[in-house]
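Encoded as structure tokens, the structure appears first; notes follow it.
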Amino acid sequence: MTIADPTGFNNVSDHISRNFLHFSIFAKIFSMAFELSEQEQIRRNSLQELYKLGINPYPPELFPVNVTSAEILGNYPGDPALYQDIYIAGRIMTRRIMGAASFVDLQDSAGRIQLYVKRDEICPGEDKTLYNTVFKRLTDIGDIIGVRGYVFVTQMGEISIHVKEFKILSKSLKPLPIVKEADGQTFDAVTDAEFKYRQRYVDLVVNPSVKEVFMKRTRMINAIREFLNSQGALEVDTPVLQSIPGGAAARPFITHHNALDIPLYLRIANELYLKRLIVGGFDWVYEFARDFRNEGMDRTHNPEFTILEFYVAYKDYFWMMEQTEKMLEKVAMELHGTTDVAIGDKVISFKAPFRRIGILDAIKEHTGMDVYGMDENALREVCGKLEVEINETMGKGKMIDAIFGEKCEGYYDQPTFIIDYPVEMSPLTKKHRSKPGLVERFELMVNGKEIANAYSELNDPIDQRERFEEQVRLMERGDDEAMFIDYDFLRAMEYGMPPMSGIGIGIDRLAMLMTNQASIQDVLLFPQMRPEKIAAPVDNDNEFLALGIPADWVPVVRKAGLKTAADVKAANPNKLLNDLSGLRKKLKLEIPALKIEEVKAWCE
């Protein structure tokens, strides 16, 4: 199976024997801790055989890939002279072994293409080991291989690669889930959410549509970045670790800086740092930020999320509404070629202009209640009548927010600006120029959810201090989402902050809309999950037999929940006897009954 080639197809590491020894030790330890499936054991046996043949299944040298499957399928056979000496690498997804010739479906980062593997081509000499043993017996679906060859069209009319040389690049030790495909359609796709989110790397391999979602997400972010850059905006970075978690009403994650011996918070928003930059003389700054909020998880919330915030000097929230409309139109056109985007069974139009309605008008429209000017007690009565759940820590702002969230929010499928919020809900927002008690703020609702929040930003440092102090009073009442006072931010404002408008856009939620996904977990590569439950180690039969347990009783002992010899030795003999005798009766086992003396001997 010798192949003389400078690419290293036949370059065997000097450390093969040592690697084999290390693998043997690892495999022994691993198998003691976990039970391997039959397929996993077969693959490990194949791995050992590869080492014995002098083949390193994890070679260190580069493989000189010079083409992708998509390039071949897109350009051939327009020019048959193309692709007559190619190197391509990818994962084996299907194999059809047919004696001296075989077909393989190879999946690379760009798609799939068929390989034609002929024994006498990859083994031109007398030694046919590379085909008969390595390719046919020791490679599996999921293995990553590299091949050299040329492109041709089969008698069935399928563009394929005729393989001249073949090399294992990474041996797969776990079998992939089986997904059936026919005529370009996927059947039996992996849909188990626990598996998809926890093992996203497998999800991406077996579900091509998942990769398309994340590629669209990146295109979406690039379109937004191009929109901002084209207008002279400056992208910046601000601290993730903050001494004060400011810029939003949310519960923060807390950590500790050992060298400084101070508590620090993972940022809940980057707003106050971006505003400091406007004070410093920048006219337009933006940041794609990772923010963290120590709150609940559901289909639209993840504790770690991506948000775009940008702030523009000398603008107001009317200007920001227009910019938001233009930006979302561009994103929709970039991803879909139209402003009409399918979301579930709805079609959402991102064509400007979007509807605008005041939040208090929206509440009146959907509940019949006019809450404008109501004090806290009156709002509590309204919440009671509407059966909106509240608690004693909630002030006017939180109650109005609760009413809107429960009774109104879900009605706004088409893009709608909810505008002019009560001052109590918006401690960083400029008071409305013509409506007492309200502020110049909007939230953009799409498909019944908020995806953006924007203000005419407050730049009066005295007013800002008073708003912060009101937040402290709410904190003293038990509101753990009230804002802290950021004295350095107040100091920055006192130097003079230009009037400005700012916005925060939830990138994850926008990605849900633009990729037609119902859950935020489906647009996060690695969403937050509960810790995985690791199966407890299970002893083999010999460990139980060594305690004196009869072979017929070993499976019954396991059925009783004792997975290891240590579990048996730690058990109460009397209880164990009762449990095993009960199983013997329940399962109608024709094995000799146990005596307490026998069970006590096991547990000693």
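Keep in mind that this is a model prediction, so the values were computed, not measured. Position 1 is the first residue of the sequence, and the numbers go up from there.
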Q | Salt bridge present between Glu194 and Arg530 (N-O < 4.0 angstrom) | A | no
Q: Would you please indicate if the ring centroids of Phe166 and Phe135 are separated by under 6.0 Å?
A: yes
Q) Between Ser519 and Gln521, is any side-chain donor less than 3.5 angstrom from a side-chain acceptor? A) yes
**Q.** Rounded distance [0.5 Å steps], CD in Glu543 versus CD1 in Ile549
**A.** 11.0 Å
Q. Taking only residues at least two apart or on different chains, which pairs with a member in residues 245-256 satisfy salt bridge (Lys or Arg N to Asp or Glu O under 4.0 Å)?
A. Arg251-Asp480
Q: Verify salt bridge (Lys or Arg N to Asp or Glu O under 4.0 Å) between Asp541 and Arg558, making sure each step is shown before the conclusion.
A: CA-CA 10 Å; Asp541 289 359; Arg558 286 203 178 98; 2.8 Å; yes
Q: Give a yes or no on whether the backbone of Lys118 and the side-chain of Glu121 come within a donor-acceptor separation of less than 3.5 Å.
A: no
Q.
Please list all pairs meeting salt bridge (Lys or Arg N to Asp or Glu O under 4.0 Å) that have one or both residues in residues 300-309, counting only residues at least two apart or in different chains.
A. Arg290-Glu304
Q. With a 4.5 Å heavy-atom cut-off, do Asn294 and Phe292 have their side chains touching?
A. no
Q) Which pair of non-hydrogen atoms, one from Leu53 and one from Val134, has the smallest distance, and what is that distance? A) CD1-CG2, 4.0 Å
(Q) Strictly below 4.0 Å, N to O, side chains only: are Arg91 and Asp108 in salt-bridge contact? (A) no
**Q.** Donor-acceptor pair between Ser209 and Glu212 side chains, under 3.5 angstrom
**A.** no
Q | pair Leu545-Asn542: side-chain heavy atoms closer than 4.5 Å | A | yes
Q | Neighbour count above 12 (heavy atom, 6.0 Å) for Met98 CE | A | yes
**Q.** Distance-only donor-acceptor check, side chains Gln199 and Asp203, under 3.5 Å
**A.** no
Q | Salt bridge flag under 4.0 Å for residues Arg95 and Asp105 | A | no
Q: Let me see the working for Arg112 and Met93 under side chain to side chain contact (heavy atoms under 4.5 Å, CB included), right down to the final yes or no.
A: CA-CA 9 Å; Arg112 286 193 187 187; Met93 299 305 291; 3.3 Å; yes
Q.
Evaluate Ile88 against Thr68 for side chain to side chain contact (heavy atoms under 4.5 Å, CB included), listing each step before the verdict.
A. CA-CA 7 Å; Ile88 191 169; Thr68 67; 5.7 Å; no
(Q) I need the Leu547 CG to Lys569 NZ distance, nearest 0.5 Å. (A) 6.0 Å
Q: Indicate yes or no for a side-chain donor-acceptor contact from Thr129 to the backbone of Asp127 under 3.5 Å, with no hydrogens or angles considered.
A: no
Q: Please assess Met514 against His336 for the test side chain to side chain contact (heavy atoms under 4.5 Å, CB included), listing each intermediate value before the final yes or no.
A: CA-CA 8 Å; Met514 292 296 174; His336 303 285; 4.2 Å; yes
Q: Take Tyr265 and Phe253 through the test side chain to side chain contact (heavy atoms under 4.5 Å, CB included) and record every step on the way to the result.
A: CA-CA 6 Å; Tyr265 302 87; Phe253 286 94; over 6 Å; no
**Q.** Asn574 side, atom CG; Asn578 side, atom CG - distance, nearest 0.5 Å
**A.** 7.0 Å
Q | Pair Tyr116 + Phe103: ring centers closer than 6.0 Å | A | yes
Q. Would you say the side-chain atoms of Arg217 pair up with the backbone N or O of Val523, donor to acceptor, closer than 3.5 Å?
A. yes
Q: Measure the CZ-CE distance between Arg299 and Met512 for me, rounded to the nearest 0.5 Å.
A: 7.5 Å
**Q.** Any donor-acceptor N/O pair, Tyr131 side chain to Ala101 backbone, under 3.5 Å
**A.** yes
Q. What's the spacing between Ile145 CD1 and Ile92 CD1 if we round to 0.5 Å?
A. 4.0 Å
Q) When you measure from the side chain of His162 to the backbone N and O of Leu115, does any donor-acceptor pair fall under 3.5 Å? A) no
Q.
For a quick test of reading the model, state the closest non-hydrogen atom pair linking Asp140 to Ser46 and the distance between them.
A. OD2-OG, 4.5 Å
Q: Identify the heavy atoms of Pro175 and Gln39 that sit nearest to each other, and give their distance.
A: CG-CB, 3.9 Å
Q.
Between Gln242 and Pro239 (side chain of the first, backbone of the second, donor and acceptor by atom type, cut-off under 3.5 Å), is there such a pair?
A. yes
(Q) Do Arg293 and Pro252 make a side-chain contact, defined as non-hydrogen atoms from C-beta onward lying under 4.5 Å apart? (A) no
Q. Measuring from Asp508:CG to Leu524:CG, what's the distance to the nearest 0.5 Å?
A. 4.5 Å
Q: Please check if the side chain of Asp552 supplies one atom and the backbone of Ile591 the other of a donor-acceptor pair under 3.5 Å.
A: no
Q. Which residue, Leu335, Thr515, Leu513, forms the side-chain contact (heavy atoms from CB on, under 4.5 Å) with Met220?
A. Leu335
Q: Would you mind reporting whether Tyr58 and Leu47 have side-chain heavy atoms less than 4.5 Å apart?
A: yes
Q. Shortest non-hydrogen contact from Pro527 to Arg200?
A. CD-NH2, 4.1 Å
Q: Apply the test side chain to side chain donor-acceptor pair (under 3.5 Å) to residues Asn45 and Glu49: give CA-CA distance (whole Å), side-chain angles for both, the deciding distance (0.1 Å), then the verdict.
A: CA-CA 6 Å; Asn45 293 341; Glu49 288 194 50; over 6 Å; no
Q: For atom NZ of Lys600, decide whether the heavy atoms of other residues, nucleotides or ligands shown that lie under 6.0 angstrom number more than 12.
A: no
Q) Sub-3.5 Å donor-acceptor pair from the side chain of Asp567 to the main-chain atoms of Thr564, do we have one? A) yes
Q: State whether the number of non-hydrogen atoms from other residues, nucleotides or ligands found under 6.0 Å of Met529 atom CE is greater than 12.
A: yes
Q | Heavy-atom closest pair, residues Ala571 and Leu576 | A | CB-CD2, 4.2 Å
Q: Answer yes if the side chains of Glu287 and Asn270 hold a donor-acceptor pair under 3.5 Å, and no otherwise.
A: yes
**Q.** Pair Gln114, Arg96: side-chain N/O donor-acceptor within cut-off below 3.5 Å
**A.** yes
Q: Please list, chain by chain and in numerical order, all residues satisfying side-chain contact (heavy atoms from CB on, under 4.5 Å) with Asn391, sequence neighbours excluded.
A: Thr393, Met394
Q) Regarding Ser581 and Asp579, is there a side-chain donor-to-acceptor distance under 3.5 Å anywhere? A) no
**Q.** Expected output: side-chain Arg509 to main-chain Val446 donor-acceptor under 3.5 Å
**A.** no
Q: Indicate the atoms forming the closest heavy-atom contact of Phe214 with Leu525, along with that distance.
A: CE2-N, 3.4 Å
Q) Can any side-chain N or O of Arg148 pair as donor or acceptor with the backbone N or O of Glu165 at less than 3.5 Å? A) no
Q.
Check this for me: does any side-chain nitrogen of one of Lys196 and Asp192 sit under 4.0 Å from a carboxylate oxygen of the other?
A. no
Q: Would you mind reporting whether Val67 and Tyr87 have side-chain heavy atoms less than 4.5 Å apart?
A: no
